[in-house]
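Everything on this sheet refers to the single structure shown next.
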Amino acid sequence: MRLFVNELCKIKASKSVKGVAVIFIFFAILAGTVWGKSDMPAALYGFGAPFMWIVANGASGFFLYALIVASLFAGEFELGVIHNILGCGVKRSSYFIAKVMAVFSVTVLLYLGGICALLLFKCLLVGFGPSALIFADYGFKVLVFNGWAVCSLLSYVAVYILIACLFREAVPTFIASLVITLCELFNLFRGPVRITTDAIGFIESDRILSSDFGRLFTPCIFILVIALAAAYILFLVQDVD
């Protein structure tokens with residue numbers, strides 16, 4: 001727990017985290033303003049904001065998390081921080097778990113912060129709720145959708161962590177992460193970004209609670225587990241001198 005708290009303190013002081021947070025809040029304000037004039041069913045009411053945030057965050061936000069991973073993971077390899085900490089007798093497995101938990105925590109908080117900001121501005125422009133909810137079981141569908149969205153986001157962050165363990169330098173880590181994300185955006189392969197984009201169709205057809213919606217995100221679970229396992233093995237066996 002002490003290692004995790006120490007990592008959170010480093011995140012609190014991180015310029016990259018603060019910069020990404022500002023960018024996401026800007027996107028949220030912009031999206032809330034633009035979608036305030038939208039005629040799309042899911043965008044007509046303030047309660048549609050959690051659904052709509054993934055559109056902006058999916059295309060423009062995924063690779064920005066690579067800045068955080070490059071700074072807090074690869075950058076600490078490069079500066080010798082990890083070498084010094086492990087030299088003090090800290091177990092590699094415990095330190096890796098603490099760092100991953102901290103990075104995942106700030107990832108989820110940034111995502112939720114973006115949702116809250118978008119929801120606030122959307123509601124201020126359009127109103128705080130429809131007289132009759134668009135979807136049945138709306139609140140539960142919000143939880144299901146955003147739960148899978150977080151899963152897809154963390155799967156990409158896990159890939160970034162694996163890249164950080166491979167390169168162990170901030171700039172190459174960010175460049176490699178950006179290249180991978182851009183390749184998916186240009187449809188060279190199908191991964192978490194494309195999956196979250198495809199999920200919008202389930203919103204419009206009101207099929208969020210269907211089994212097909214869950215199966216849509218199944219590859220994200222495999223990516224998350226495999227990338228973290230590979231990064232963990234690398235962290236345990238590699239030389240950090």
Side-chain angles (χ1 to χ4, degrees), residues 4-35 49-50 52-79 81-82 98-122 146-165 167-185 191-193 195-197 220 223-224 227-228 231:
F4 177 64
V5 173
N6 289 339
E7 292 301 316
L8 289 181
C9 291
K10 287 192 289 185
I11 287 175
K12 183 179 179 180
S14 172
K15 293 181 179 179
S16 62
V17 173
K18 294 177 182 177
V20 171
V22 169
I23 293 173
F24 282 171
I25 295 299
F26 171 77
F27 272 122
I29 295 173
L30 179 62
T33 304
V34 172
W35 284 327
M52 305 310 295
W53 169 246
I54 196 65
V55 179
N57 196 43
S60 61
F62 271 80
F63 79 91
L64 290 176
Y65 289 99
L67 285 172
I68 298 175
V69 175
S71 173
L72 298 177
F73 230 106
E76 292 193 356
F77 273 115
E78 191 174 359
L79 295 174
V81 175
I82 293 179
K99 289 193 73 66
V100 170
M101 287 178 59
V103 172
F104 276 10
S105 296
V106 72
T107 298
V108 175
L109 287 176
L110 286 173
Y111 176 83
L112 294 179
I115 287 178
C116 291
L118 178 54
L119 178 61
L120 175 61
F121 280 91
K122 189 96 173 83
N146 285 286
W148 282 116
V150 167
C151 176
S152 66
L153 181 58
L154 293 182
S155 67
Y156 239 131
V157 172
V159 172
Y160 296 153
I161 290 174
L162 174 58
I163 294 172
C165 289
F167 288 96
R168 296 190 289 177
E169 292 184 7
V171 174
T173 294
F174 177 71
I175 293 175
S177 300
L178 177 60
V179 168
I180 288 178
T181 309
L182 289 177
C183 285
E184 183 180 357
L185 288 175
V193 172
I195 289 173
T196 50
T197 302
C220 294
I223 293 172
L224 175 62
L228 272 186

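Throughout, numbering of the chain's residues begins at 1 and tracks the sequence.
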Between V20 and the options T107, L67, V106, I25, the side-chain contact (heavy atoms from CB on, under 4.5 Å) test singles out L67
Correct closest heavy-atom pair for A149 and Y111 would be CB-OH, 3.3 Å
Value for CZ (F73) from CG (L162), rounded to nearest 0.5 Å, stands at 10.0 Å
Practice task
Walk me through it: do F104 and I161 pass the test side-chain contact (heavy atoms from CB on, under 4.5 Å)?
Solution key: CA-CA 10 Å; F104 276 10; I161 290 174; 4.1 Å; yes
inquiry  = Using the rule given for side-chain contact (heavy atoms from CB on, under 4.5 Å), can you reason through L110 versus L64, listing the C-alpha separation, both sets of side-chain angles and the distance that settles it, and then say yes or no?
reply    = CA-CA 11 Å; L110 286 173; L64 290 176; over 6 Å; no
Between C220 and C151 the two heavy atoms that sit nearest each other are CB-SG, 4.2 Å
On a heavy-atom basis, the closest approach of S177 and A66 is CB-CB, 3.5 Å
Residues passing the side-chain hydrogen bond (donor to acceptor under 3.5 Å, both in side chains) test with E184, sequence neighbours excluded, are Y156
Return yes if some donor-acceptor pair links the side-chain N/O of E76 with the main-chain N/O of V81 below 3.5 Å, else return no.
no
For R168 and T173, the nearest pair of non-hydrogen atoms, with its separation, is N-OG1, 4.3 Å
Side-chain contact test, heavy atoms from C-beta onward, threshold under 4.5 Å: evaluate it for L72 versus V17 and give yes or no. yes
- Message: Is any side-chain heavy atom of I223 closer than 4.5 Å to one of P192?
- Response: yes
Minimal heavy-atom distance between I68 and S16, with the atoms involved, is CA-OG, 4.0 Å
*Establish, from distance only, whether the side-chain atoms of Y65 and T181 form a donor-acceptor pair under 3.5 Å.*
no
